Number of protein chains: 2
Amino acid sequence: MGGKKAADADPARSLALLWGSHSKPGRSGLTVRSIVLAAIELADANGLEAVSMRQVADRLEVGTMSLYTHVPGKTELTDLMIDTAFGELYADVDAPSGQPGGWRGALEFIAARNWDLYRRHPWMLHIVGGRPVLGPNATLKYEAELRPLDGIGLSDVEMDSVLALILTHVEGTARLQANMAQTQQDTGMTDAEWWVSNAPLLDKVVDASRFPVASRVGQSAGEEYQAASSPTHALTFGLARILDGVADLIAGRERP
Amino acid sequence: MGGKKAADADPARSLALLWGSHSKPGRSGLTVRSIVLAAIELADANGLEAVSMRQVADRLEVGTMSLYTHVPGKTELTDLMIDTAFGELYADVDAPSGQPGGWRGALEFIAARNWDLYRRHPWMLHIVGGRPVLGPNATLKYEAELRPLDGIGLSDVEMDSVLALILTHVEGTARLQANMAQTQQDTGMTDAEWWVSNAPLLDKVVDASRFPVASRVGQSAGEEYQAASSPTHALTFGLARILDGVADLIAGRERP
DNA sequence: GACCGTACCGTACATCGTACGGCTCGGTTA
DNA sequence: TAACCGAGCCGTACGATGTACGGTACGGTC
């Protein structure tokens, strides 16, 4: 980097870019949209760190600096990538509300959709987003995910809190999943392989007398998952607990 | 980077480094420990991206490449940073179990301790850790945090799952907190300032007819937090729901 | 046919992790 | 004492990165 991490000093510029109408391509066919799509393809295929201005430009067969005509900088590009990816989620705004099982079914659907999104685009988890993106698709997502929580006895702030809780949980377990997959690919070693190769080493170094519970539970979990942890199990187990807790909250609101 | 992100092809090397006894300093006083401490100081003060081999070496008044005599590479260094930071948590292994309020009080204590840790060392949230660190302090932490869950009717795997759920939640909300603080510092703009400067822009672009619930709830939450979200509120609200859900699980185990 | 704004892009700079090869010591042996 | 050797230390170099800056070349309007 040249200097600081300036972030965008001008939020209006970002907003205009996010909500702005599609501009006409210039003489080399370059568009904001084409740049964003190329960046997403790169990130999907090779991970976020493969998305450099040079790589994106190469893919578009264009000079590196030409990108800066359409996009102020890389942070704005990643913002655009995120909002564009969110666009895949809800073609029908009322899809979550239409799920069977009331609010609980809807939240399970929302969790699953977000989980799938992170599976398709793991790079979304590695972007350090200062503030929320506030693009059109992010707003649509917010609307779609709030609707099934409307009118079931929660206050506005509680609706937002419940949704945030679910999304934080999904994001956390998805991050675990993505990191494990990434590492598996980098090292060329399966988690199971890693586990069996590290278990004896660990046993030698962790004595069961000093760490009785940890060694017992770690052993059980390790055998259960054939790894240090299981993201999918963490997702469903955690979601079940959270939804039970939310049910308690709603029941409390119903009978005050 | 020169080539790939090789990660550590040899896990045994990392383990030896983590559990290895302290080595004697050479003729310039350089030690694994001194390197790790310098790196942590840098990260605490200036963020994770300020931790470069050159910066660490400069702080120790030593040539850059001298670090590689003691530490195989940067990934191993960050592993060591993490395990060292974990060492701050539980001087007394039985501290969590000693909390009032049974398992629930203990879990609240654990959540708070981890939250504080991330406040002190926000860089821990930005390290992309492929696999868990498995150092001595990480193991101690695992033991200390599992003990209050032992013997209350949960299976081994359930104990691990409950703990992971709590920790994922804390990490998620702490990441939110850290990102917001970071951005606030980078842009020199308070979240409140950002909110009041973006609210009118957003109103102009998000029409309440297309996004009725989102605009209403977003407005309420924004006014409540004077920001897009409130990490501390998310922490306590989410923790309460989760603990309620865990209570349900335990109750179900008690009366089958 | 002249002009001009905009799209495009080549070069340069500071920064990164680390491979490689050389230097300089402290301690052991002949 | 002299020779030697391994380990600690480090200077240089390479290929990356984001982007500031200044230049080129083109499409559309008079």
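Being a predicted model, the structure only gives us computed values, none of them experimental. Chain A is the first sequence line, chain B the second, and so forth, proteins listed ahead of strands; every chain is numbered from 1.
Closest to the side chain of Thr64(A), out of dG17(C), dT19(D), dC16(C), is dT19(D). Comparing atom distances between the Thr69(A) side chain and each of dC8(C), dG8(D), dC9(C) picks out dC8(C) as nearest. Closest approach to the Met53(B) side chain among dC8(C), dT18(C), dT19(D) is made by dT18(C) (side chain taken as heavy atoms from C-beta onward).
Side-chain contact, His126(A) with Gln182(A): no donor N or O sits under 3.5 Å from an acceptor N or O. At a cut-off of 3.5 Å, with distance as the only test, no side-chain donor of Tyr90(B) or Glu143(B) sits close to an acceptor on the other residue. Between the side chains of Asn114(B) and Glu145(B), at least one donor N or O sits under 3.5 Å from an acceptor N or O. Donor-acceptor pairing under 3.5 Å is recorded for the side chains of Glu88(A) and His121(A).
The CG-P distance, from Leu30(A) to dA7(C), rounds to 10 Å in whole Å. Per the geometry, OH belonging to Tyr68(B) stands 19 Å off C1' belonging to dA7(D), to the nearest Å. With rounding to whole Å, Glu61(B) atom CD is found 11 Å from dC10(D) atom P. For Leu60(A) and dC9(C), the CG to P distance is 11 Å, given to the nearest whole Å. The CG-P distance, from Leu42(B) to dC16(C), rounds to 11 Å in whole Å. Distance CD (Glu49(A)) to C1' (dG18(D)): 16 Å, rounded to an integer number of Å. Lys74(A) places its NZ atom 15 Å from the P atom of dA20(D), with the value rounded to the nearest Å. Between Leu67(B) atom CG and dC9(D) atom C1' the separation is 10 Å, expressed in whole Å.
The phosphate of dT17(D) (OP1 or OP2) has a side-chain N or O of Arg54(A) nearer than 4.0 angstrom. An OP1 or OP2 oxygen of dG8(D) is reached within less than 4.0 angstrom by no side-chain nitrogen or oxygen of Ser66(B). For dA7(D), neither phosphate oxygen OP1 nor OP2 lies less than 4.0 angstrom from any side-chain nitrogen or oxygen of His70(B).
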Next item on the list: Would you please test Phe86(B) and Leu140(B) for side-chain contact (heavy atoms from CB on, under 4.5 Å) and show each step?
Entry: CA-CA 9 Å; Phe86(B) 278 161; Leu140(B) 192 71; over 6 Å; no
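Residues Ala50(A) and Met65(A) each lie close to DNA chain D; by heavy-atom proximity, the contact nearer the 5' end of the strand is made by Ala50(A).
Residue Val51(B) is classed as a sugar-phosphate contact, given heavy-atom separations below 4.0 Å to backbone atoms only.
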